[in-house]
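Worksheet for the structure shown next.
Residue numbering restarts at 1 for every chain, and letters A, B, ... go by the order of the sequence lines.
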There are 2 protein chains.
Amino acid sequence: RGPWAGLAAAVAAALALALAVSVWRRRPRPVREVLFFPSQPVCTEALLVEAVGPGAVTRPCRCPLARGDCSLSRLLRRLLSARRSLELCLFAFSSPQLAWAVQLLHRRGVRVRVVTDAQSMEMRGSQIGLLRHAGIQVRHDQESGYMHHKFAIVDRRMLITGSLNWTTQAIQNNRENVMVVEDYEYVKAFLDEFERIWEDYNPRNYSFFP
Amino acid sequence: RGPWAGLAAAVAAALALALAVSVWRRRPRPVREVLFFPSQPVCTEALLVEAVGPGAVTRPCRCPLARGDCSLSRLLRRLLSARRSLELCLFAFSSPQLAWAVQLLHRRGVRVRVVTDAQSMEMRGSQIGLLRHAGIQVRHDQESGYMHHKFAIVDRRMLITGSLNWTTQAIQNNRENVMVVEDYEYVKAFLDEFERIWEDYNPRNYSFFP
């Protein structure tokens, strides 16, 4: 037991600690983002074409809208990160850009399920009909109250929720917020709520003669 | 340097670690809660009277509503925990129970500031007039878009946000969500947004002859 034994032990401990810290730091930090609206109108063409995949034809868009990052493009990017599943629970859905993104994910093989409000679904500009036409599963309420949620869940991993209805009016004109939360405790609560509503709105439960 | 020196060092290290873990575990866990609506109608009288303080006269309420815990009572409890400040940024505010809670906090010396939407403020049942009458500072938009946020910040520490407008219709009939988040990163983002809007809606900036 020489004087070096203690030193060797201390060095070993320090190395172990350094290794643990480096492993811990290399874990990707969970997404925690807040987006505020109104968002200036920008061209989202490049973002959507890029998301189609490596084989996509990329022609520079000639529209006069500004390029650059904004709350809408950030929201689109979060959505387009989906690889396996997307649950949407939306009071109103009339934004063409967001609807394109959802259809793109559906074509890419992502399992998309949409829950919406029956009254808002009938409003002008609603994208729900187009989504159904594209083969996406949609269910709606049959209640007197509103299905007023506005949330999305990406890959059972990321929750996107807030005050924003997915309408161009809301995106470009209203004061709105959207939180992006990668925290399983919150994701699980909203996923469970989605499954409850999905089952409640199962067409088997419709009563056509109330 | 006897054989016990190493043992003593190990014991000391273990004790230090145990102490650190115990201190860490005793920190109150930050609130992370999700409330879903509709909430069944319950009597919130006892909750509000209790919040007045120790000198309050407590008579059992004779209304026929059910007693017990629900999303509305949980939301009220979170609000009533305010000791210093409350920022409210609400599209619509017509729930009498939530308005009583806010007035109670104001009387208790909590600094309450309210931002709301001008159009919704004029709707039947809006509590904004009563809040102003009670001496609470209220500011509203003068924009064509909606001030569509629905959030509250308690003591610059806790964020309460979601899809829920503070109306009895929404509380009792709609599918809604409210997140309670005690996480300074999110709180700070919403607090900054509140201060921006508070300044934007300063009556000094009103243009009466647009």
Side-chain angles (χ1 to χ4, degrees), chain A residues 1-3 5-6 9-10 13 29-30 32-38 89-91 115-117 140-141 143-151 159 161-165 167 169-181 183-194 196-197 200-201, chain B residues 1-3 5-6 9-10 13 29-30 32-38 89-91 115-117 141 143-151 159 161-165 167-181 183-194 196-197 200-201:
Chain A
R1 203 177 285 269
R29 196 171 170 268
R32 295 141 62 91
E33 193 176 22
V34 185
L35 307 173
F36 291 110
F37 295 80
C89 198
L90 293 168
F91 172 64
V115 159
T116 191
D117 182 81
H140 60 78
D141 70 315
E143 300 164 333
S144 61
Y146 290 123
M147 203 313 292
H148 202 242
H149 287 300
K150 307 110 176 30
F151 69 83
L159 169 66
T161 187
S163 67
L164 183 84
N165 289 309
T167 70
Q169 148 72 18
I171 292 166
Q172 292 184 5
N173 298 308
N174 292 359
R175 304 265 183 164
E176 305 271 7
N177 65 76
V178 167
M179 286 171 79
V180 185
V181 182
D183 177 322
Y184 195 64
E185 200 170 322
Y186 288 116
V187 172
K188 173 85 169 51
F190 279 82
L191 207 48
D192 290 349
E193 173 74 355
F194 183 89
R196 264 192 301 274
I197 298 181
D200 286 352
Y201 294 177
Chain B
R1 204 178 286 268
R29 196 171 170 268
R32 294 142 61 91
E33 193 176 19
V34 185
L35 307 173
F36 291 111
F37 295 80
C89 199
L90 294 168
F91 172 63
V115 159
T116 191
D117 182 80
D141 70 315
E143 299 163 333
S144 63
Y146 290 122
M147 203 312 294
H148 202 240
H149 288 300
K150 309 109 176 28
F151 70 83
L159 169 66
T161 187
S163 66
L164 183 84
N165 288 309
T167 69
T168 304
Q169 148 72 18
I171 292 166
Q172 291 184 4
N173 299 308
N174 291 359
R175 305 264 183 165
E176 304 272 7
N177 65 77
V178 168
M179 286 172 79
V180 186
V181 183
D183 177 323
Y184 194 64
E185 200 169 322
Y186 288 116
V187 172
K188 173 85 168 55
F190 280 82
L191 207 46
D192 290 349
E193 173 75 355
F194 183 88
R196 265 191 300 273
I197 298 181
D200 286 353
Y201 293 178

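- For the ring pair (Phe, Tyr, Trp, His ring centres under 6.0 Å) test, residues two or more places apart in sequence or in another chain that qualify with B/Y146 are B/F91.
- Under the 4.5 Å side-chain criterion, counting only non-hydrogen atoms from C-beta, A/D141 is not in contact with B/R175.
- Within the 4.5 Å cutoff, side-chain heavy atoms of B/R32 are placed close to those of A/D183.
- Taking all atoms of both residues into account, the shortest heavy-atom contact from B/A189 to A/V34 is CB-CG2, 3.9 Å.
- Neither the backbone nor the side chain of B/D192 has a heavy atom closer than 4.5 Å to any heavy atom of chain A.
- Annotation: maximal heavy-atom pairing with chain B below 4.5 Å, among A/F151, A/Y201, A/F37, occurs at A/Y201.
- Residue A/V178 does not touch chain B at all, counting heavy-atom pairs closer than 4.5 Å.
- By number of non-hydrogen pairs under 4.5 angstrom with chain A, the leading residue of B/N165, B/T161, B/L164, B/N177 is B/N177.
- Taking all atoms of both residues into account, the shortest heavy-atom contact from B/K150 to A/S163 is CD-CB, 3.8 Å.
- Proximity to chain B is absent for every atom of A/Q172, based on heavy atoms less than 4.5 angstrom apart.
- For the pair A/F190 and B/M179, the minimum side-chain heavy-atom distance is below 4.5 Å.
- With sequence neighbours left out, the side chain to side chain donor-acceptor pair (under 3.5 Å) criterion links B/R196 to B/E193.
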